[in-house]
Structures are given as C-alpha cells and as structure tokens.
Asker: 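My questions all concern the structure below.
Computed from heavy atoms alone, side chains included, the values below leave out hydrogens, waters and symmetry copies.
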Amino acid sequence: MADTWESPFRTTRINPTTFLIVEDDKYAEHPFIYVKVHPTEPVLLLSDTGCNAPRVEENLLVTLRRYLEYAPIAANNDKPLNPGPNFRSYVIICTHCHYDHIGGIEQFVENNREPTMIVASLNGRSFIEDDLPKHSLCKYLNIPTPGYHVSVWAGDLAKLDWKPSGAGRSSTRRELGIIILNTPGHTPDELAWYDVSERHLYVGDTFYEEGEDGMAIIFPKEGNWIDFMASLTKMLRFVQISNGDRELLTQSLSNDNEDLVADANHILELTGNNTRQQNDNGWVILPPRVKVGCGHQTSSVDGEEIIQAVQALFWNIIKGEVPVSRSEEIRGEVHDIWREEGDDVRFSVRAPRRLCEEARKEFCL
C-alpha cells in the first residue's frame with residue numbers, strides 16, 4: 001500500500017531504524033526531516049520539523065505530528081511511525097534555526113502528553129536567543145516565528161541522553177547512541193549529529209548536492225566561511241576516524257600534540273572503537289563506511305567522499321577558480337552564485353560575496 005493520506009509529506013526508509021520525510025512546501029525548500037524510531041527506548045527522534053507550510057492549502061490540516069501518529073507508511077509495513085495508544089516520546093534535534101527547519105516545532109510543544117526534548121547547538125545559543133525572528137528568517141518572509149524552549153544546549157562531541165517523563169530525580173538518564181557536533185559556518189548554531197549504531201552522520205544545511213531541484217548550498221548574511229572550512233575539517237576527521245582510517249589513526253595517536261591525541265581517542269571511544277574485527281577464518285571485517293544525510297536533496301551518500309568533494313569546491317571558490325554565474329542583492333548585500341562549468345555539475349553555492357573575501361584574506365589566497 002502506498003502512503004494514501006493526502007498530505008504534504010512523502011516517506012522512504014534510509015536504514016533499518018531511520019526514515020526520510022520530504023515536505024512539499026510553498027517555499028519550494030523541500031526540507032528533509034529525518035525520523036529515527038529508537039530500537040531500545042520509547043523515543044521518536046526527529047531531525048528538524050520542516051516548514052509547516054504545505055504548497056497545497058487543502059493539506060493544511062495534516063501537520064507533521066498528525067502525519068507521524070496516524071498516517072500509514074508503506075515503508076513501515078503500512079503502520080504510522082508513532083502509533084498510539086502508547087505513543088513514543090519526542091526528541092527533536094534542531095540542526096539550525098532557519099524557518100524551514102523549525103517551522104513545525106510548535107505542534108510538538110503545545111498540548112503535549114509529556115515534555116518534548118529539544119536539542120540545539122551550545123555554540124549557537126546566543127544566535128538563537130538574541131533575535132530569533134531575524135535569525136530564523138521568519139521576519140523577512142513576514143511569517144510568525146515559532147516559539148519553543150531548548151531543553152539541551154549540546155556541546156561539541158556531546159553524547160545525547162534522555163530521561164523518561166515522570167522518572168524520579170535519582171533515575172538514570174539513558175544514552176540514545178547519538179553524538180552531537182557543533183559545526184558553525186552555514187549559521188553560528190549549525191550542528192551535525194551522528195547515529196552510532198547506523199553509522200550515519202546528519203549535517204543539516206552545511207552542504208548538499210544540487211539534486212533534482214538544482215538547489216545551491218545557500219549561506220545567509222550570518223554565515224562564516226572561515227568557520228565553515230574548520231567545520232568541514234572537523235567532520236572529515238570524525239568520519240575518517242570512524243571509518244577506521246589506519247594512517248590517520250597512526251598519525252593522530254603518535255602526534256606530539258596532546259589535544260590531537262586526546263581528540264582521536266575520544267572519537268574512537270564515542271563511536272565504539274569498532275574499527276576492525278576478524279572472523280573465525282582470520283579475515284579482517286571492516287565496518288560499514290559512514291554515510292551522510294543532508295538537510296536538502298542528499299540523504300545517504302559516502303561521508304568521506306562528499307565532505308572531501310565539498311572541501312575541494314570551496315577551496316577552488318576561495319582561490320577564484322570557480323566562475324560566478326550571476327549576482328543578486330539580498331537583504332541589502334551582494335550575493336554571488338558560484339557554479340562549476342560542465343554538464344554534470346554536482347554542487348553550486350550562493351553566498352554573500354563578503355564571506356568569500358573574508359576567507360580569502362584569512363587563508364592568504
């Protein structure tokens with residue numbers, strides 16, 4: 001059976017515990033919402049909540065929450081992702097505070113059976129708290145800014161845990177097998193999260209392929225390419241160590257820099273240190289390579305390869321080796337669009353020209 005509900009959402013499964021929901025919204029953002037049905041805890045983990053603005057007005061009554069709780073999903077044996085009467089608790093990871101990622105969040109905090117746990121980047125706390133209408137971009141679309149309270153300001157490489165509603169103060173918090181990375185660049189509050197058991201890293205709007213919508217990697221005025229390049233390096237290192245890159249591990253663990261050694265050991269510990277095993281015949285068994293899922297267009301690709309490709313693209317842009325295809329003024333500032341030439345273009349970028357100039361100066365290119 002197909003998803004028969006008339007709704008702005010379509011759902012596919014991307015790994016044993018995780019589903020991808022794509023919203024057909026009136027802004028043509030088509031945000032990716034990831035839903036993990038936790039295998040050991042009564043938790044439904046959401047990565048962002050979309051726009052809450054269907055392109056077809058007749059679908060206004062089908063909110064994301066109603067869809068999760070009542071719509072039969074073909075990829076889930078024709079059952080809803082969070083069926084009653086024993087509904088799972090909601091844990092929402094906000095990859096960043098733009099309108100197309102927090103638009104549906106209020107429906108999970110109003111008239112709730114129990115509190116929803118909302119997670120955001122500790123690095124971007126002031127960005128979220130200081131002027132959410134502006135920083136969410138709701139102000140510029142003339143739409144109401146969603147109201148919500150962040151439960152957990154997650155620091156870099158923080159393990160995510162959860163405590164059941166009604167549990168006493170002495171009750172032990174339960175680890176969810178999720179690691180948070182603070183990855184500023186697209187916005188100051190951008191974060192990524194890693195699912196340890198599925199070996200899948202979700203990076204929000206840090207990058208994505210053009211895809212079927214021909215979508216550029218977009219930076220607002222509040223972006224920063226210096227931070228962005230550092231975040232790409234951090235994510236690549238995390239993925240390579242998780243993949244069991246022997247050369248990188250050897251370099252890291254034999255390095256004179258104590259912080260680098262401690263960081264490598266910490267990543268190994270967080271990700272289970274399951275780099276290589278042997279079977280009974282002595283064959284080396286490699287773990288599956290880490291996959292990456294993005295906030296738009298790209299849901300499951302090899303993590304190391306795509307991060308390296310994005311790094312190469314941005315270094316080429318900063319060095320002036322990628323042409324500007326056109327320019328436009330947005331929010332009173334000139335934005336350029338960079339797109340490599342050719343028929344098989346994988347990425348394009350739209351950002352304030354200033355961000356590129358600042359990075360060029362910082363990196364002396």
Side-chain angles (χ1 to χ4, degrees), residues 2-3 7-25 27-39 44-51 55 64 67-68 71 73-76 81-82 91-96 98 100-104 177-181 183 186 190-218 231-232 235-236 238-239 242-243 287-310 313 344-349:
D3 298 351
S7 82
F9 307 109
R10 70 178 191 272
T11 301
T12 54
R13 185 190 290 269
I14 62 169
N15 61 46
T17 64
T18 313
F19 298 82
L20 167 66
I21 297 178
V22 183
E23 181 181 8
D24 181 17
D25 64 289
Y27 307 110
E29 293 283 357
H30 303 151
F32 280 14
I33 303 163
Y34 296 98
V35 182
K36 180 178 176 66
V37 182
H38 202 280
L44 199 76
L45 190 149
L46 302 183
S47 181
D48 297 328
T49 58
C51 295
R55 179 178 57 84
L64 175 61
Y67 180 79
L68 292 171
I73 303 300
N76 193 40
L81 297 181
N82 193 17
V91 173
I92 299 175
I93 298 177
C94 298
T95 63
H96 62 295
H98 279 166
D100 53 323
H101 297 264
I102 65 167
I178 302 297
I179 302 168
I180 304 295
L181 287 78
T183 54
H186 171 67
E190 189 76 32
L191 65 74
W193 61 278
Y194 180 66
D195 184 337
V196 175
S197 63
E198 301 292 2
R199 299 179 60 78
H200 211 116
L201 178 67
Y202 301 90
V203 302
D205 279 6
T206 295
F207 57 81
Y208 39 83
E209 296 162 301
E210 278 197 345
E212 61 184 25
D213 293 334
M215 187 173 288
I217 301 169
I218 296 175
S231 291
L232 288 179
M235 286 188 284
L236 179 61
F238 182 92
V239 168
S242 300
N243 278 342
R289 289 173 62 81
V290 173
K291 297 285 190 180
V292 155
C294 309
H296 304 269
Q297 303 300 315
T298 306
S299 62
S300 186
V301 296
D302 185 82
E304 184 172 351
E305 187 279 329
I306 192 172
I307 297 172
Q308 288 177 329
V310 173
L313 169 69
D344 191 22
V345 175
R346 188 177 179 186
F347 306 102
S348 55
V349 179

Asker: Indicate the ring-plane relationship of His96 and His101, choosing parallel, tilted or perpendicular according to the 30° and 60° boundaries.
Answerer: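 Rings of His96 and His101: tilted, as their planes differ by 30° to 60°.
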Asker: Testing the basics here: between Leu20 and Ser299, what is the closest heavy-atom pair and its distance to 0.1 Å?
Answerer: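 Heavy atoms of Leu20 and Ser299 come nearest at CD2-CB, 3.7 Å.
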Asker: Could you tell me which residues satisfy salt bridge (Lys or Arg N to Asp or Glu O under 4.0 Å) with Asp213, sequence neighbours excluded, listed by chain and number?
Answerer: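 For Asp213 there are no salt bridge (Lys or Arg N to Asp or Glu O under 4.0 Å) partners, ignoring immediate neighbours.
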Asker: Could you tell me the separation between the CE atom of Met215 and the CD atom of Glu29, rounded to the nearest 0.5 Å?
Answerer: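 Between atom CE of Met215 and atom CD of Glu29 there are 5.5 Å.
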Asker: Can you list the residues that meet the side-chain hydrogen bond (donor to acceptor under 3.5 Å, both in side chains) rule with Asn76, with sequence neighbours excluded?
Answerer: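 For Asn76, no residue satisfies side-chain hydrogen bond (donor to acceptor under 3.5 Å, both in side chains) once neighbours in sequence are set aside.
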Asker: Restricting to salt bridge (Lys or Arg N to Asp or Glu O under 4.0 Å), what partner residues turn up for Asp24, sequence neighbours left out?
Answerer: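 Scan of Asp24 (salt bridge (Lys or Arg N to Asp or Glu O under 4.0 Å), adjacent residues dropped) gives Arg55.
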Asker: Nearest heavy-atom pair of Ser231 and Thr183: which atoms, and what distance?
Answerer: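 That would be OG-C, 3.1 Å.
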Asker: For Tyr67 versus Ser7, what's the shortest heavy-atom pair and its separation?
Answerer: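 Heavy-atom minimum between the residues: CE1-OG, 3.5 Å.
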Asker: Rounded to the nearest 0.5 Å, what's the gap from CD1 on Ile33 to CG on Leu64? Could you check?
Answerer: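 Spacing of CD1 (Ile33) from CG (Leu64) equals 5.0 Å.
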Asker: Please report the shortest heavy-atom distance between Cys51 and Asp25, naming the atom on each side.
Answerer: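 It is SG-OD2, 3.6 Å.
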Asker: Hey, does Leu44 have a side-chain heavy atom less than 4.5 Å from the side chain of Val37?
Answerer: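 Yes, close enough: below the 4.5 Å cut-off.
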Asker: How would you list, by chain and number, every residue that makes a side-chain contact (heavy atoms from CB on, under 4.5 Å) with Thr298, sequence neighbours excluded?
Answerer: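 Expected list: Tyr208, Glu209, Cys294, Val301, Ile306.
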Asker: Below 4.5 Å, heavy atoms only, C-beta onward: do Ser197 and Lys36 meet side chain to side chain?
Answerer: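 They are in side-chain contact.
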Asker: Considering residues at least two apart in sequence or located in another chain, which fulfil the side-chain hydrogen bond (donor to acceptor under 3.5 Å, both in side chains) criterion with His296?
Answerer: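 Applying side-chain hydrogen bond (donor to acceptor under 3.5 Å, both in side chains) to His296 gives Asp100, Asp205.
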Asker: Suppose we screen for ring pair (Phe, Tyr, Trp, His ring centres under 6.0 Å). Which residues come up paired with Phe347, at least two apart in sequence or across chains?
Answerer: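 Not a single residue meets the ring pair (Phe, Tyr, Trp, His ring centres under 6.0 Å) criterion with Phe347.
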Asker: Assess whether side chain to side chain contact (heavy atoms under 4.5 Å, CB included) is satisfied between Val290 and Glu304, documenting all intermediate values.
Answerer: CA-CA 7 Å; Val290 173; Glu304 184 172 351; over 6 Å; no
Asker: Has His186 got a side-chain atom pairing as donor or acceptor with Phe207's backbone, closer than 3.5 angstrom?
Answerer: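 Side chain of His186 to backbone of Phe207: no pair is present.
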Asker: Are the side chains of Leu68 and Ile21 in contact, using a 4.5 Å heavy-atom criterion?
Answerer: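 Contact flag for Ile21/Leu68 side chains = yes.
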Asker: With side chains defined as the heavy atoms from C-beta onward, is the minimum distance between Leu232 and Thr206 less than 4.5 Å?
Answerer: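 Yes, their side chains come closer than 4.5 Å.
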Asker: Quick one: side-chain contact (heavy atoms from CB on, under 4.5 Å) partners of Asn15, sequence neighbours excluded?
Answerer: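 Only Thr17, Thr18, Glu198, His200, Tyr202 meet the side-chain contact (heavy atoms from CB on, under 4.5 Å) criterion with Asn15.
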Asker: Quick one: closest heavy-atom pair of Glu305 and Arg346, and the distance?
Answerer: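 For Glu305 versus Arg346, the nearest heavy atoms are OE2-NH1, 2.8 Å.
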Asker: Applying side chain to side chain contact (heavy atoms under 4.5 Å, CB included) to Ile178 and Asp195, what does each step give before you reach the verdict?
Answerer: CA-CA 5 Å; Ile178 302 297; Asp195 184 337; 4.2 Å; yes
Asker: By side-chain hydrogen bond (donor to acceptor under 3.5 Å, both in side chains), which residues pair with Thr95, not counting sequence neighbours?
Answerer: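 If we apply the side-chain hydrogen bond (donor to acceptor under 3.5 Å, both in side chains) test to Thr95, skipping adjacent residues, the hits are Asp48.
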Asker: Return the set of residues passing side-chain hydrogen bond (donor to acceptor under 3.5 Å, both in side chains) with Arg13 (not counting sequence neighbours), or none when no residue passes.
Answerer: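 With sequence neighbours excluded, Arg13 shows a side-chain hydrogen bond (donor to acceptor under 3.5 Å, both in side chains) to no residue whatsoever.
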Asker: A side-chain contact here means heavy atoms from C-beta on lying under 4.5 Å apart; do Asn82 and Val35 qualify?
Answerer: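 The answer is no; the side chains never approach within 4.5 Å.
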Asker: Quick check: do Ile14 and Phe19 have side-chain heavy atoms less than 4.5 Å from each other?
Answerer: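 They are not in side-chain contact.
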Asker: Minimum heavy-atom separation for Ser242 to Arg199, with atom names?
Answerer: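 Minimum heavy-atom separation between Ser242 and Arg199: O-NH2, 2.8 Å.
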